[in-house]
There are 2 protein chains.
Amino acid sequence: MLVRIDQKSNEPLYLQLRSQIIASIAQGDLEPGDALPSVRSLASDLGINLHTVNKAYAVLRDEGYVVMRGRSGAYVADPSDHGEAQAEAGLARMDAAIRALALEFRAHGGSKEDFIARAAAQADRAYEEER
Amino acid sequence: MLVRIDQKSNEPLYLQLRSQIIASIAQGDLEPGDALPSVRSLASDLGINLHTVNKAYAVLRDEGYVVMRGRSGAYVADPSDHGEAQAEAGLARMDAAIRALALEFRAHGGSKEDFIARAAAQADRAYEEER
DNA sequence: GTGTATTTGTTCGTATGTATT
DNA sequence: TAATACATACGAACAAATACA
């Protein structure tokens, strides 16, 4: 699993880790059923504390991306297993985030068409297979 | 200026305030040159501490949305006055945020077309005049 | 089977920074 | 400025599980 974190970023480490794992799932680098590394091994690889990895796993579990099987470890969840309420909450959260970004873009003087084009361009990048 | 904040949200108050002021600028409720309320009056209106409002204003100043004129108060900046480097940094930040959202959407099993449609729908809402 | 060593996630405590009053 | 509450990140120790001679 390809993960790199920036110690001197303002974004919390566990959220960086969360985003990277979600990206790995999105791009097919991690598939449903795959086992995630143990918190200790991943923490060691990244040079961070095991609690930070554990917290990232916990939020991914809360969001339905992974399932924890006790000491057996964490596994990538099947998208069809994402709870209904969970999925809706996630979509609502994403909608709000996109709308906030669009408002920022407009406040900067950008046009609606430019924003949509920009979003489409980033979607293209997000939906590439590998890099 | 129409601003409402949610005391029991997990999002920090000063960031909520920042988003709402950006939204007001985006929707034309606040225009370049307009004076923002004093930190004291706005804090009083919202029932929060003046330091919290002051922090929101400071962030908006750092991002180029408003200019502070000492004791005269805070004023909405002209978009054309946004520094070049500042504007580019903002766009880069927004691109990264949109790409991260697209990756989340993909990890949930959503298609690229659906994501773009969703982004366009939120852009429509962000570019409405008033509500 | 038994005993030991290793690996695992969890619990508790601590230090530091941030948000808010 | 000072005080508070909370969030973030780390370290040490624990108990269940696994591996293996």
Side-chain angles (χ1 to χ4, degrees), chain A residues 1 3-25 30 32-77 81 89 93 96-97 100 104, chain B residues 1 3-23 36-63 65-66 68 70-71 74 89 93 96-97 100 104:
Chain A
M1 200 181 51
V3 176
R4 288 185 314 115
I5 59 175
D6 179 8
Q7 283 278 3
K8 66 188 206 321
S9 164
N10 52 337
E11 189 183 9
L13 300 179
Y14 78 95
L15 288 182
Q16 291 185 44
L17 193 46
R18 165 191 172 275
S19 298
Q20 301 248 345
I21 292 174
I22 288 177
S24 291
I25 296 174
L30 283 174
D34 283 358
L36 292 174
S38 76
V39 292
R40 273 187 171 78
S41 65
L42 183 52
S44 175
D45 285 354
L46 301 175
I48 62 180
N49 194 275
L50 77 164
H51 290 102
T52 307
V53 177
N54 199 35
K55 172 133 192 174
Y57 283 11
V59 306
L60 288 167
R61 164 177 50 75
D62 292 344
E63 294 176 334
Y65 289 109
V66 310
V67 293
M68 315 277 279
R69 297 185 187 151
R71 278 162 184 75
S72 173
Y75 295 81
V76 178
D81 289 349
R93 197 170 45 77
E104 281 194 48
Chain B
M1 199 182 52
V3 176
R4 288 186 310 117
I5 59 175
D6 179 8
Q7 283 278 4
K8 65 188 208 321
S9 165
N10 53 337
E11 191 182 6
L13 300 178
Y14 79 95
L15 288 182
Q16 292 184 43
L17 192 47
R18 166 191 172 274
S19 298
Q20 301 248 344
I21 292 174
I22 289 177
L36 292 174
S38 74
V39 292
R40 277 185 171 75
S41 66
L42 183 52
S44 174
D45 285 354
L46 300 175
I48 62 179
N49 195 276
L50 77 165
H51 290 102
T52 306
V53 177
N54 197 42
K55 173 138 190 174
Y57 281 13
V59 171
L60 289 167
R61 165 178 50 74
D62 291 344
E63 293 176 335
Y65 288 109
V66 310
M68 315 279 278
R71 281 157 192 76
R93 198 171 44 77
E104 280 193 49

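Reminder, nothing fancy here: chain letters follow the sequence lines and each chain counts from 1.
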Trainee: Going by the ring pair (Phe, Tyr, Trp, His ring centres under 6.0 Å) test, which pairs reach into residues 40-61 of chain B, not counting sequence neighbours?
Mentor: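 Those involving residues 40-61 of chain B do not exist here.
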Trainee: Throw together a table of side-chain donor-acceptor distances under 3.5 angstrom for residues 34-42 of chain A, partners on residues two or more places apart or in other chains.
Mentor:
residue: A/Asp34; atom: OD2; partner: A/Glu31; partner atom: N; Å: 2.9
residue: A/Ser38; atom: OG; partner: A/Ser41; partner atom: N; Å: 3.1
residue: A/Ser38; atom: OG; partner: A/Ser41; partner atom: OG; Å: 3.0
residue: A/Ser41; atom: OG; partner: A/Ser38; partner atom: N; Å: 3.3
residue: A/Ser41; atom: OG; partner: A/Ser38; partner atom: O; Å: 3.1

Trainee: Which atom pairs link the protein and nucleotides 14-17 of chain C when you take only N or O atoms and keep those under 3.5 Å?
Mentor:
none

Trainee: Quick check for you: to the nearest 0.5 Å, what is the distance between A/Asp6 atom CG and A/Asn10 atom CG?
Mentor: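 It comes to 9.0 Å.
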Trainee: With DNA chain D as reference, determine whether A/Ser72 or A/Leu13 sits nearer its 5' end, using the nearest nucleotide of each.
Mentor: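 In this pair, the answer is A/Leu13.
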Trainee: Let me see the working for A/Leu17 and A/Leu46 under side-chain contact (heavy atoms from CB on, under 4.5 Å), right down to the final yes or no.
Mentor: CA-CA 10 Å; A/Leu17 193 46; A/Leu46 301 175; 3.9 Å; yes
Trainee: Once you round to the nearest 0.5 Å, how far does CD of A/Glu104 lie from CD of B/Glu63?
Mentor: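 Nearest 0.5 Å value for the CD-CD distance: 6.5 Å.
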Trainee: For DNA chain D, note the earliest and the latest nucleotide, 5' to 3', having some atom under 4.0 Å of a heavy atom belonging to chain A.
Mentor: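 From 5' to 3', the first and last contacting nucleotides are D/dT8 to D/dA16.
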Trainee: State, to 0.1 Å, how close A/Pro32 and A/Ala77 come at their nearest heavy-atom pair, and which atoms those are.
Mentor: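 Looks like CB-O, 3.8 Å.
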Trainee: Of all heavy-atom pairs between A/Gly47 and A/Gln7, which one has the smallest distance, and what is that distance?
Mentor: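 Closest heavy-atom pair between A/Gly47 and A/Gln7: O-NE2, 3.7 Å.
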Trainee: Starting at NZ of B/Lys55, measure out to CG of B/Asn49 and round the result to the nearest 0.5 Å.
Mentor: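 These two atoms lie 13.0 Å from each other.
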Trainee: Mind listing the residues from residues 50-69 of chain A sitting with a heavy atom below 4.0 Å of DNA chain D? Number order is fine.
Mentor: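 DNA chain D contact set from residues 50-69 of chain A: A/His51, A/Thr52, A/Lys55.
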Trainee: CD1 of A/Ile21 to CG of A/Leu30: how many Å apart, nearest 0.5 Å?
Mentor: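 That separation rounds to 7.5 Å.
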Trainee: Go through the steps to decide whether B/Val3 and B/Gln16 satisfy the test side-chain contact (heavy atoms from CB on, under 4.5 Å), and finish with yes or no.
Mentor: CA-CA 9 Å; B/Val3 176; B/Gln16 292 184 43; over 6 Å; no
Trainee: Could you grab the distance from atom CD1 of A/Ile25 to atom CG of A/Leu60, nearest 0.5 Å is fine?
Mentor: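 The CG atom of A/Leu60 is 6.5 Å from CD1 of A/Ile25, to the nearest 0.5 Å.
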Trainee: Check the distance between C/dA19's P and B/Gln16's CD and give it to me in whole angstrom.
Mentor: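 Interatomic distance, CD of B/Gln16 to P of C/dA19: 13 Å.
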Trainee: Give me the residues of residues 33-43 of chain A where at least one heavy atom lies under 4.0 Å from an atom of DNA chain D, by number, or none.
Mentor: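 The answer is A/Arg40.
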